Amino acid sequence: MDILERLNPEQAEAVQQTEGPVLILAGAGSGKTRVLTHRIAWLISEKGVDPWQIMAITFTNKAAQEMRERVNKIVDFGAESVWVSTFHSACVRILRRYIDRIGFDTNFTIYDTEDSKSVMKEVIRKLNLDPKLYKERNILSKISSAKNEMISPDEFERNAVRWEEKNVAACYHEYQARLRQNNALDFDDLLVKTVELFQNDEQVLSYYQDRLRYLMVDEYQDTNTVQFAFIRLLSARYRNLCVVGDDDQSIYKFRGANIRNILGFEKVFPDAKVIKLEQNYRSTGSILNAANEVIANNVGRKVKRLWTKNGEGGKIRFKKFQNGFEEAEFVASDIREKHSREGLDYSAFAILYRTNAQSRLFEEKFMMANIPYKIVGGVNFYSRKEIKDILAYLKTVDNAQDDLAVQRIINVPKRGIGASSIGKVEAYAAEQEIAFYTALMEAENVPGLGRTASKIGAFTLYIQSLRSQKDYLSVRELTEKIIEDTAYVKDLEAEDTDESRARIDNINELISKIADYEEKADEPSLSGFLQEVALVADIDFVDDQEDYVLLMTLHSAKGLEFEHVYMAGMEDGLFPSYLTLTADDRDELEEERRLCYVGITRAKQTLTMTSAMMRMVRGETQYNKVSRFVREIPRELVDLGRDEETRRELRGSRNPMGGFLNFGGDADGFGSSSGSYERRQKAYGNDAGYGGYGGGRKTYGSGRSNAFSPRAFTVKKADKLEYTVGDRVRHVKFGVGEVTDIVEGGKDYEVTVDFENYGIKRMFASFAKLKKV
DNA sequence: TACTGGATTATTTTT
DNA sequence: TAATCCAGTA
């Protein structure tokens with residue numbers, strides 16, 4: 001009976017409640033993963049359920065992988081037969097087997113957001129809509145919501161009243177037609193088509209219903225309508241559906257998450273057993289209390305209050321800064337200090353923020369402070385230009401119908417096939433109703449191509465030769481061959497910039513990813529690799545074993561925990577965002593508050609919140625008040641440190657309603673410190689540090705360039721510099737200037753240069769790569 | 001056809 | 001601020 005040994009009574013009950021519908025309302029840090037994994041173990045060893053009949057669904061691959069590992073640990077054998085996967089990959093697996101039954105080819109490609117955008121752009125052009133009025137992004141998001149709600153193009157059209165919506169309906173129709181033509185599915189289609197398959201093919205549905213007798217869904221609060229339809233259909237026969245979630249952590253409404261799925265679960269399943277987990281094992285008392293107080297301001301929620309046996313712990317630190325630079329500087333130096341003084345691992349820290357754009361400042365400071373870090377989010381590794389180019393070659397070899405991939409690479413590297421020629425081939429393809437690639441093969445029949453026809457011939461010949469080799473080359477060999485033949489890396493080497501070097505690094509990383517895949521996959525194949533790649537999220541790259549500080553949005557942090565958490569940018573207008581503050585819908589603000597709740601409850605030991613009075617947003621300076629969420633935390637739980645300014649401000653504006661923080665009196669958000677801002681400005685030079693520090697270092701992409709090798713940030717200090725004070729040096733971006741000062745620090749030289757066109761900049765020698773002239 | 005520079009515009013969050 | 005788009009030129 002040792003499966004139940006380390007569980008509290010509620011957890012044990014949840015584990016043993018194996019039959020029928022079960023709703024587990026699991027507060028943050030209440031051990032829901034433990035419950036799920038133990039439940040699987042219980043099913044197998046106590047109830048004698050065949051592991052093959054159990055399915056657990058998560059949202060990210062990382063969560064799936066984690067669950068898999070934990071199940072492996074407690075289940076003696078058969079653990080690998082439990083189907084643990086994300087919604088999307090489960091659907092892909094089902095569709096690869098049966099999608100031909102609803103008229104698709106089983107070797108379909110999966111389009112990412114960027115691919116969808118390109119398709120939509122063509123759709124808008126084709127339908128002669130004004131691109132100023134109809135933005136791909138908007139239309140796609142409308143289509144996406146429709147798909148989430150399982151609304152077909154026809155139904156969408158029927159519902160359309162306004163002329164504008166009818167146009168969107170037309171786009172929806174045309175967009176689907178094109179995906180179909182390219183034998184492609186977008187993200188939402190994976191779910192929609194699976195449900196469609198289930199609804200149209202009794203045999204397939206029956207097969208899965210019979211096989212998957214025990215279904216578990218993690219992060220249930222974030223499921224949308226199609227996902228619900230999916231699990232409902234799957235579980236309809238045996239009705240052993242166990243969902244785990246926390247309505248207070250529902251943060252994906254904008255992406256179609258339907259909170260009614262969790263709030264109304266008992267309506268759909270009246271016999272559902274509901275179990276609440278309210279004991280928190282993660283955070284200190286102060287952190288938990290702060291979280292409870294903040295979330296209590298929401299109206300539409302199931303009331304619960306987390307408690308813990310953990311100690312009170314320290315107070316929550318709140319610090320206010322002049323601007324984002326100081327904020328980032330504080331966080332960086334605070335972490336560095338704790339690392340060196342208290343010997344804490346870097347991986348004990350995480351910085352959470354509202355928008356990805358905020359990561360830049362932290363990245364700069366971390367780089368300067370030589371702190372290993374990793375940014376999650378922003379541009380996905382597989383969305384990088386160079387990676388997408390190479391993948392497009394692989395896709396072209398793999399799936400002749402994927403027009404998008406072919407068009408991407410037809411002129412990469414330059415083959416003298418320009419836009420107008422491509423247009424002619426496209427027109428020909430449309431007229432003949434054949435795929436773009438097929439049209440390329442018949443280039444000599446395309447009118448008006450002239451000499452370009454032979455260039456196209458050379459291209460298709462090359463692709464054909466790759467195709468003829470794909471069966472006896474490994475994916476890795478094929479990829480290396482493409483890189484070699486196209487001189488992709490060679491061209492980048494010739495470019496010889498920081499950016500091109502970062503791209504080469506990424507390509508090498510891709511090759512090792514492929515090697516990895518071929519090593520661990522049961523039956524490695526080109527299609528298999530491309531499919532795996534299509535479904536990875538950035539968070540999946542996080543390696544818990546590596547020692548680095550994690551920087552990510554609050555959204556990405558869901559499901560994670562850290563000893564020490566910094567929540568940055570706690571400002572009204574940023575978090576909660578300006579849009580939600582001005583929205584009439586109160587619900588929007590509540591969702592932001594839930595996001596805040598998620599952030600606070602990530603912290604185990606300490607929580608630090610920071611804000612900046614002045615922040616650069618889109619090249620414009622904003623003055624923000626301290627976030628209302630900070631003010632919702634009881635005064636006695638907050639430590640303001642010795643910051644005189646904040647104290648003074650506080651003293652002047654103590655909230656008469658009780659001991660709560662109140663920064664509301666500070667109408668211009670500027671406090672008493674406008675003077676010191678001017679001082680700062682001078683100190684930083686006129687562009688306030690943007691690009692000033694760090695100099696010519698290119699943080700190509702969104703800083704993920706070193707995603708797989710965080711130690712690459714550890715720059716070696718040069719033994720000696722080739723220039724000294726008074727020398728004239730050249731900088732990649734700032735041009736020529738005179739060295740006015742060199743300060744030797746422990747890890748690097750800090751060089752001050754007076755540039756002819758950019759003024760005085762301070763930078764670290766190892767990053768700036770200055771050359772004496 | 002390929003490249004450049006100026007104008008334009010975007011920001012919430014991403015499986 | 002930074003990425004993207006488009007028009008004009010070589």
Side-chain angles (χ1 to χ4, degrees), chain A residues 57-64 85-92 110 112-114 116-117 121 131-132 135-138 140-141 144 147-148 186-188 190-191 218-219 222-224 226-227 250-257 324 352-358 360-361 376-380 383 385 411 413-423 450-452 455 534-540 552-559 569 573-583 588 591-592 594-596 598-599 615-622 687-691 698-702:
Chain A
I57 303 177
T58 61
F59 270 81
T60 63
N61 296 300
K62 183 172 191 285
S85 106
T86 64
F87 273 107
H88 295 275
S89 41
C91 288
V92 171
I110 302 165
D112 64 19
T113 330
E114 201 191 316
S116 300
K117 262 193 193 161
K121 205 184 241 171
K132 288 260 180 294
K135 302 268 181 227
E136 312 97 89
R137 246 174 55 89
N138 295 144
L140 281 169
S141 93
S144 175
K147 287 181 176 178
N148 286 161
D186 68 13
F187 255 143
D188 301 314
L190 295 176
L191 264 306
D218 194 12
E219 305 284 8
D222 286 323
T223 51
N224 60 33
V226 219
Q227 288 164 338
S250 164
I251 54 174
Y252 281 109
K253 186 176 162 216
F254 70 97
R255 224 175 56 198
L352 310 180
Y353 37 76
R354 182 65 237 266
T355 64
N356 276 312
Q358 289 168 259
R360 264 195 66 243
L361 291 175
V376 178
V379 185
N380 185 302
S383 310
K385 180 184 176 297
N411 205 28
K414 303 266 175 294
R415 296 186 174 92
I417 306 169
S420 72
S421 303
I422 292 173
R451 286 162 39 91
T452 321
K455 294 176 182 164
L535 295 174
V536 296
D538 216 39
I539 192 81
D540 301 332
M552 67 183 102
T553 61
L554 289 151
H555 282 90
S556 318
K558 190 186 72 174
L574 184 64
F575 184 41
S577 85
Y578 182 72
L579 283 157
T580 54
L581 279 176
T582 48
E588 304 243 332
E591 173 134 332
E592 294 273 300
R594 290 194 288 269
L595 195 52
C596 183
V598 167
R615 187 176 292 277
M616 193 80 103
V617 179
R618 283 192 258 158
E620 208 178 306
T621 307
Q622 280 184 3
D687 72 351
Y690 260 98
K698 266 261 170 48
T699 38
Y700 163 65
S702 74

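The shown structure was predicted, so the numbers you read here are calculated from the model rather than taken from an experiment. Residue numbers start from 1 in every chain, and the chains themselves are labelled A, B, ... in the order their sequence lines are given, proteins ahead of strands. When reading the values below, keep in mind they use all heavy atoms of this one structure, side chains included, and skip hydrogens, waters and symmetry mates.
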Enquirer: Return the value, rounded to whole Å, for the distance between atom CG of A/Leu579 and atom P of B/dT13.
Expert: 11 Å
Enquirer: Go through the steps to decide whether A/Leu535 and A/Thr86 satisfy the test side chain to side chain contact (heavy atoms under 4.5 Å, CB included), and finish with yes or no.
Expert: CA-CA 9 Å; A/Leu535 295 174; A/Thr86 64; 5.6 Å; no
Enquirer: If you look at every strand shown and take non-hydrogen atoms under 4.0 Å, does A/Lys135 touch a base, only sugar-phosphate, or nothing?
Expert: sugar-phosphate
Enquirer: How would you list, by chain and number, every residue that makes a salt bridge (charged side-chain N to carboxylate O under 4.0 Å, His left out) with A/Glu591, sequence neighbours excluded?
Expert: A/Arg594
Enquirer: Under 4.0 Å, heavy atoms only, any strand: does A/Ala537 hit a base, just the sugar-phosphate, or nothing?
Expert: sugar-phosphate
Enquirer: Pairs under 3.5 angstrom, nitrogen or oxygen only, protein versus nucleotides 2-5 of chain B, please.
Expert:
residue, atom, partner, partner atom, Å
B/dA2, OP2, A/Asn411, ND2, 3.2

Enquirer: Side chain to side chain contact (heavy atoms under 4.5 Å, CB included), that's the test. Do A/Tyr353 and A/Thr553 meet it? Break it down for me.
Expert: CA-CA 5 Å; A/Tyr353 37 76; A/Thr553 61; 4.0 Å; yes
Enquirer: Quickly work out the A/Phe575 CZ to B/dT11 C1' distance and round it to whole Å.
Expert: 16 Å
Enquirer: May I have the distance from A/Glu592 (atom CD) to B/dT12 (atom C1'), rounded to whole angstrom?
Expert: 7 Å
Enquirer: Should A/Ser577 be listed as having a side-chain N or O under 4.0 Å from OP1 or OP2 of B/dT11?
Expert: no
Enquirer: On DNA chain B, compare the nucleotides closest to A/Lys455 and A/Ile539; which residue's is nearer the 5' end?
Expert: A/Lys455
Enquirer: Can you label the angle between the A/His555 ring and the A/Phe254 ring as parallel, tilted or perpendicular, going by 30° and 60°?
Expert: perpendicular
Enquirer: Yes or no on side chain to side chain contact (heavy atoms under 4.5 Å, CB included) for A/Ser85 and A/Ile57, after CA distance, side-chain angles and deciding distance?
Expert: CA-CA 5 Å; A/Ser85 106; A/Ile57 303 177; 5.7 Å; no
Enquirer: Is any side-chain N or O of A/Arg618 under 3.5 Å from a base N or O of C/dT1, one able to act as donor and the other as acceptor?
Expert: no
Enquirer: For residues A/Tyr252 and A/Lys558, determine if any side-chain heavy atom of one lies less than 4.5 Å from a side-chain heavy atom of the other.
Expert: yes
Enquirer: Using the P atom as the reference point in each nucleotide, state the distance between C/dT4 and B/dT13 in Å, no decimals.
Expert: 15 Å
Enquirer: Could you check whether A/Asn356 gets within reach of a base, just the sugar-phosphate, or nothing at all, counting any heavy atom under 4.0 Å?
Expert: sugar-phosphate
Enquirer: Nearest-Å distance, CG (A/Asn148) to C1' (B/dT14)?
Expert: 12 Å
Enquirer: So, is A/Thr580 close to the B/dT12 phosphate, meaning a side-chain N or O under 4.0 Å from OP1 or OP2?
Expert: no
Enquirer: With the stacking rule set at 5.5 Å and 30°, tell me whether A/Phe254 counts as stacking on B/dT13.
Expert: yes
Enquirer: With the side chain counted from C-beta on, respond yes when A/Leu140 and A/Lys117 share a heavy-atom pair under 4.5 Å apart, and no when they do not.
Expert: yes
Enquirer: Using a cut-off of strictly less than 4.0 Å, decide whether A/Ser420 has a side-chain nitrogen or oxygen near OP1 or OP2 of B/dT1.
Expert: yes
Enquirer: How would you label the contact of A/Lys121 with the nucleic acid (heavy atoms, under 4.0 Å): base, sugar-phosphate, or nothing?
Expert: sugar-phosphate
Enquirer: Could you check how far CZ of A/Arg615 sits from P of B/dT12, rounded to whole Å?
Expert: 16 Å
Enquirer: Could you tell me the separation between the CD atom of A/Gln358 and the P atom of C/dA2, rounded to a whole number of Å?
Expert: 15 Å
Enquirer: Grab the CZ-C1' distance between A/Arg451 and B/dT1 for me, whole Å please.
Expert: 12 Å
Enquirer: Using a heavy-atom cut-off of under 4.0 Å over every strand shown, decide if A/Thr86 touches base, sugar-phosphate, or nothing.
Expert: nothing
Enquirer: Base, sugar-phosphate or nothing for A/Thr113? Non-hydrogen atoms, less than 4.0 Å.
Expert: nothing
Enquirer: Between A/Leu574 and A/Gln358, is the side chain to side chain contact (heavy atoms under 4.5 Å, CB included) condition met? List the steps.
Expert: CA-CA 10 Å; A/Leu574 184 64; A/Gln358 289 168 259; 3.5 Å; yes
Enquirer: What is the distance from CD of A/Glu591 to C1' of B/dT13, rounded to the nearest Å?
Expert: 9 Å
